[in-house]
Every structure is written in C-alpha cells, then in structure tokens.
**Q** 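Before I ask anything, here is the structure I am working with.
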Amino acid sequence: MDGLRYRLNAVAINRILRQGFRYYSRKPASKRVSNGPARFKLQNDIRNVQKPAKTGNAKAQDRGVFHYGSFGGLKEIGEAETQKTAEVLKKISDFEQLKILPKVRTALQQVISEESIALDSSKDVSSIKPSPIQVAVTQKIARTLMDKQLQINTIAAETGSGKTIAYLVPLLDYLKRVEDETPESWDLIKDKAIVRSVILVPTHELVEQVYRTVSQSAALLGLNAFRWNMNTSYTDFIDAVKNRIDVMVTTPGKILNTFKVRIINRPDRLFSGVKFVVLDEADTLMDKSWLEETHSAIQTFPNVNHLIFCSATIPNEFSKTMDRLFPTRKSITTPKLHKISRKIDFKLIDASLNPYKGSKMKVLSQILYAVLKDGTEAGFEKRCVVFVNEKKDAKKVEEQLRSKYGHDCISLTGEDTVEERLQKIDLFVKPARPLESLESNATVSELIEDTAEFLPNSNIRMNRTKPVTASQKKVSLKVLVTTDLMARGLNFHGIRNVILYDVPKTAIDLVHRAGRTGRMMQGGRVFMITDKKTKSWAKAIPKIVRSNKTLS
Ligand SMILES: Nc1ncnc2c1ncn2[C@@H]1O[C@H](COP(=O)(O)OP(=O)(O)OP(=O)(O)O)[C@@H](O)[C@H]1O
C-alpha cells in the first residue's frame, strides 16, 4: 500500500471525522438533536415504517413479520410449521440422542471439530452439540430413512446454521445402514460401477466447499467421495465410478453433460444406483434461470428414495414452483428462518448527510478505515466483504478503493473464470492468517494517528473494548468487492465485517449477504450504506434485527 497516500488520507479522514460533528452543531437549533443526527433520523424512519399506514404491512408487523421491499419476497412461514421443530428441540440437544449410527455420529462430530468457526481446537469432540436444524432433520428423516418409497423433504434454516451437516447426517447414515443392515443388497452393489448419492450445488465454489466437508466425513467412514468441477475430466469420472462413487458433489450441468459425450457409456446405468439426492441452495437451483437444467438433472436418477431440497431462504417463487412440481413434499423449518442473527450488529450510514455529501465511496472508505482501526482481531489479518448490486460496479469500487484510498482490495464477478474466482476467495474462506506468518505485514495503522472511534452522521460507534497496544497497531485489511454471486452458501471463515455498499433489492438478497458473517451464532457486523433514494423499509433494518423480527 502506498504509505504516503495513506498517511494523507488518514489526516483527511481524521479531519472529516472531527468536522462531521462540528459541522452539525452549526445547523439551526431546530434541527439539532442531542443523540446525533443519524440516530435521530433513523428513529424517525423507524417510526414512519411502524405507522399503520399500509395496512398489510402493519398486520404483518403485528405478527412479528417485517415486509422488506416491493419485490416478491420471502414466504411467510406459519407458526404451526416451525412449532413442530421447536417441540423437537425442547427434547433433544445432544448428538447421542439422535437416531444415527454411532460411527456416523463420531465421524461428523470429528469433522465439525476440525472445520467449525464456532469451536476452539481444545474442544472435546464428543461434547459437540448438534445445531437446531441438525436435530430437526435427523429426527424427522430417521423415522422413514430406510423406507423404499420416494420421500421428498425441504430443509430451511437461517444462514450459517450448519445445514451441510444437517443433510449429511441422514445421507451418510443411509449409505452406512445399507452396508450394515441389508447385506444382500450391499453384496449386489458394492463392486458395481455406480453412483449411490449426489449433492447438487449451483456453483463450482460450492462444489469445492461442500466436497471438503463430504470428503473428510467419507474418509472417516470408508466411503468413496468424488467431486466433479471444472477441472475434472470425463476420464477422472470414469476411473472413479469404476470403484463405486458413494457421494458425488457436482452441478446439474455436469450431470447432464454425461449424456452428451460418447466417452461415457450408458450414463443412465451409472446413475441408476442413485438413491439419495440433495439440492443445496435449492432456491437458486429451482429459480427460473436454472429450473429446466436442475429438473432434467433430477430426472436422470430414476430410482431415488430421498430427495432433499436445502436452502436458507424460501422465496415465494420457490414455494410456488415446489407446490407445482413436488406437491407431496414435507418441510422442515427452524423458528429463526428469515431472521438476521441477533448476534449481528447491523449498522446504517447515510451517505446523503454531511460530511459525505452523497458519496457512498467516501462512506465505504471510512468504514474500512474504522474497521482497520477498531482494535479487534488483534494479531490476525482482517478481512472484509463488500457487496454491490451490479457487477459493473464491483470493478469500479475496487479501483477507487485502491487508487484513491490505498486499500488492499480485489473484486470478483461472474466475468472472472472459475479458477480466478476460487483463487480470489481463498483468503476469505480459510481461517484468518496470523500477521506474524505474513512475509510483509501491511503496517498501515503504524502510519496513521490513533483517533478514529466513530463515523460521523451514522449510528456507528466502533466499540473499542481495550486500548490499542503497540502490537495491535500492526494491522492489515483485505477487502473483497463482489456481487450476489458470492452471497449464497459460501462459508466465509470468521469474516467479522460485511458491507452492503448498495441496499439489497430484496429481503432474499439481504438475508444471504448479511449471512456471510455472524455464522453459527458468532458475532459480526453488517454496515449498510443508504442514501437519499433509499426507502424507509431498508432504513428500519437495524431495529428489525434487534427486535428479532422475521423478514418477508
Ligand atoms: N453442530 C455444530 N457445532 C458447531 N459448528 C458447526 C456445527 N455444525 C456445523 N458447524 C459449522 O458451522 C459453519 C456453517 O455451516 P454451513 O456452511 O453448513 O452453514 P449453512 O447453514 O449451510 O449456511 P448457508 O445458509 O450460508 O449456506 C461451518 O463452519 C460448520 O463447520
């Protein structure tokens, strides 16, 4: 980073930080408010939103539901539906109480202990507890796990609630029970060239992420896992399937491609052994743009027993599609579905107020500066994800952050190749790197004065719990600017700050983007930048999060 430029910016920023409040105090007395302008404005906005002017919305609010935006949003889930899950959760809180094979339980606890962001390495593996969705799914599906007829379930739970393990429990339990409890069937298939189960996801990033969890669990259980992504050749697949693939992770497109090439002989036979199919990020996979491909891919598995649709949101459109195509499905939903975790500190900054003068870019650079300086994540490289609505803006924002403000920044959109995308997200999906391990520590804060504690004209006070020590002054911040493409399903590892540069257009986008932090009940901060055009329903979100309201 260009030190001099940064130093100049820092001086400017500090001046702006101080001037923000001075400027405000020069305003006419009638407009002065002791709590600070933005807070006042925010409360006004909330009051406006809560006025029962729009009767539909007011009624929804009475039920604890907040209608965000004017586009077709999230389905309102009836209390009766989540009540069933709540009842199960009252009775069960341990893995030991779940009806699964002990070896599957131990393997999955082991995997959770190795990959979870919510546990420290000293944690005793056997004391790891299942998350609510893991309890609900296991108990519900276990009852009919080995039944022969087709069973269709939708699983829906909030972002970062452990849904991958939730569907892996019945899947792996099923595969191992076939081996252990039906030796005649197992003898017939164990040496056959077949695929036994498939997990479908929309992107190659997710193929990689889900495969990591699947391959770890499969190795512990003596199962063969295989991922088919952009680098996998048809010969790789043929070699793997010869030895039986127990779990395959791929995209619907890859499944359909097997029917288009000569090199794969009779793919219908290879897929005739598929008994268990999971669609992860099902609302995306069943979206208009994917539906045809996804549906055709499912149809290539004629003997499937379990079909699971898993997602963090149930958009109205998805629900209608499912009613049409799979009317007999059963739903498993958690009470917190469509809520933003209360562990997330949701902050608003209004770019239309001084000193930003309408510049969202200025706001963004100041948030990044404040994040850099807040004294958290001491000794580790900080990482921050910025979401924009349009892909054309990702590059623009990146360039400005780099050239004008000297931030260490990359942008990622669908225009990058899959390899580039995987490379760019690598730093963000892995645990934060200790600063000592980095060759050249970016010692940005050593160049700047230690003064910034709040952002002007916002409801933001950067909570610095301890004084910043000399070692904490060594800081480094990596910034990823991206679009909704990276908002679904990706388990950004321990990312504590997400910035919504643009106000998300729908509640669906809002829930997914905010959900890249605060995963598995860990803390996190979401900063949303608003401006003159931003509707009052968006400005009400911090209050909605604090009061634990459901979004629709
Ligand atoms: N029982 C558990 N205890 C603690 N951590 C867990 C548990 N189960 C899963 N995790 C961890 O929680 C994190 C989030 O899990 P996962 O990615 O499956 O969430 P998700 O619900 O699929 O999120 P999204 O909706 O964003 O796709 C992972 O780091 C995972 O290792």
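First listed ligand is number 1; within each ligand, the first listed atom is number 1.
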**Q** Salt-bridged, D345 to R546, with N to O below 4.0 Å?
**A** no
**Q** Identify the closest protein heavy atom to atom 10 (N) of ligand 1: which residue and atom is it, and at what distance?
**A** M520 CE, 3.5 Å
**Q** What protein heavy atom lies closest to atom 8 (N) of ligand 1? Include the residue and the distance to one decimal.
**A** Q134 NE2, 2.8 Å
**Q** Look at atom 11 (C) of ligand 1 and say which protein heavy atom is nearest, naming residue and atom and giving the distance to 0.1 Å.
**A** S116 OG, 3.6 Å
**Q** Any N/O of G162 closer than 3.5 Å to an N/O of ligand 1?
**A** yes
**Q** Considering only non-hydrogen protein atoms, determine which one is nearest to atom 21 (O) of ligand 1 and report residue, atom name and distance to 0.1 Å.
**A** K163 NZ, 2.8 Å
**Q** Write out the residue and atom name of the closest protein heavy atom to atom 14 (C) of ligand 1, then the distance separating them to 0.1 Å.
**A** N491 OD1, 3.7 Å
**Q** Out of all atoms in ligand 1, which are within 4.0 Å of some heavy atom of T164? Include the element for each.
**A** 16 (P), 17 (O), 18 (O), 22 (O)
**Q** Among all protein heavy atoms, pick out the one at the shortest distance from atom 27 (O) of ligand 1; state its residue, atom name and that distance to 0.1 Å.
**A** G489 CA, 3.1 Å
**Q** In ligand 1, which numbered atoms sit nearer than 4.0 Å to a non-hydrogen atom of A312?
**A** 25 (O)
**Q** Can you say whether the rings of F237 and F271 are parallel (under 30°), tilted (30 to 60°) or perpendicular (over 60°)?
**A** tilted
**Q** Which atoms from ligand 1 have a heavy atom of S161 less than 4.0 Å away?
**A** 19 (O), 20 (P), 21 (O)
**Q** Could you tell me which atoms of ligand 1, counted from 1 in the order shown, lie closer than 4.0 angstrom to a heavy atom of R516?
**A** 26 (O)
**Q** So does E208 pair up with R227, basic N to acidic O under 4.0 Å?
**A** yes
**Q** What part of R488, side chain, backbone, both or neither, has a heavy atom within less than 4.0 angstrom of ligand 1?
**A** neither
**Q** In the protein, what heavy atom is nearest to atom 31 (O) of ligand 1, and what distance, to one decimal place, separates them?
**A** E115 OE2, 3.0 Å
**Q** Identify which of A156, A166, G160, S311 has a heavy atom lying nearest to atom 23 (O) of ligand 1.
**A** G160
**Q** Decide, yes or no, whether a salt bridge links E415 with K392 under the criterion of side-chain N to carboxylate O below 4.0 Å.
**A** no
**Q** Under 4.0 Å between a Lys/Arg side-chain N and an Asp/Glu carboxylate O for K103 and D180?
**A** yes
**Q** Does K75 count as lying over the ring of F318, i.e. NZ or CZ under 6.0 Å from the six-ring centre, within 45 degrees of the axis?
**A** no
**Q** Give the atom numbers and elements of ligand 1 that come within less than 4.0 Å of a heavy atom of K129.
**A** 1 (N), 2 (C), 3 (N)
**Q** Any salt bridge linking R488 with D283? Criterion: basic side-chain nitrogen under 4.0 Å from a carboxylate oxygen.
**A** yes
**Q** Would you mind listing which atoms of ligand 1 come within a distance below 4.0 Å of any non-hydrogen atom of S131?
**A** 1 (N)
**Q** Out of all atoms in ligand 1, which are within 4.0 Å of some heavy atom of E281? Include the element for each.
**A** 27 (O)
**Q** Tell me the protein heavy atom at minimum distance from atom 17 (O) of ligand 1, and give that distance in Å.
**A** R519 NH2, 3.2 Å
**Q** With a 4.5 Å heavy-atom cut-off, do T313 and H338 have their side chains touching?
**A** yes
**Q** Purely on distance, is any nitrogen or oxygen of T159 under 3.5 Å from one on ligand 1?
**A** no
**Q** Salt bridge or not for K176 and E179, using N-O below 4.0 Å?
**A** yes
**Q** What part of H493 sits under 4.0 Å from ligand 1 if we count only heavy atoms: the side chain, the backbone, both or neither?
**A** neither
**Q** Would D374 and R525 pass as an ion pair if we require N to O under 4.0 Å?
**A** yes
**Q** What I want to find out is whether D280 reaches K163 closely enough, with some N-O distance under 4.0 Å, to be called a salt bridge.
**A** no
**Q** Hey, are R421 and D416 close enough for a salt bridge, meaning a charged N less than 4.0 Å from a carboxylate O?
**A** no
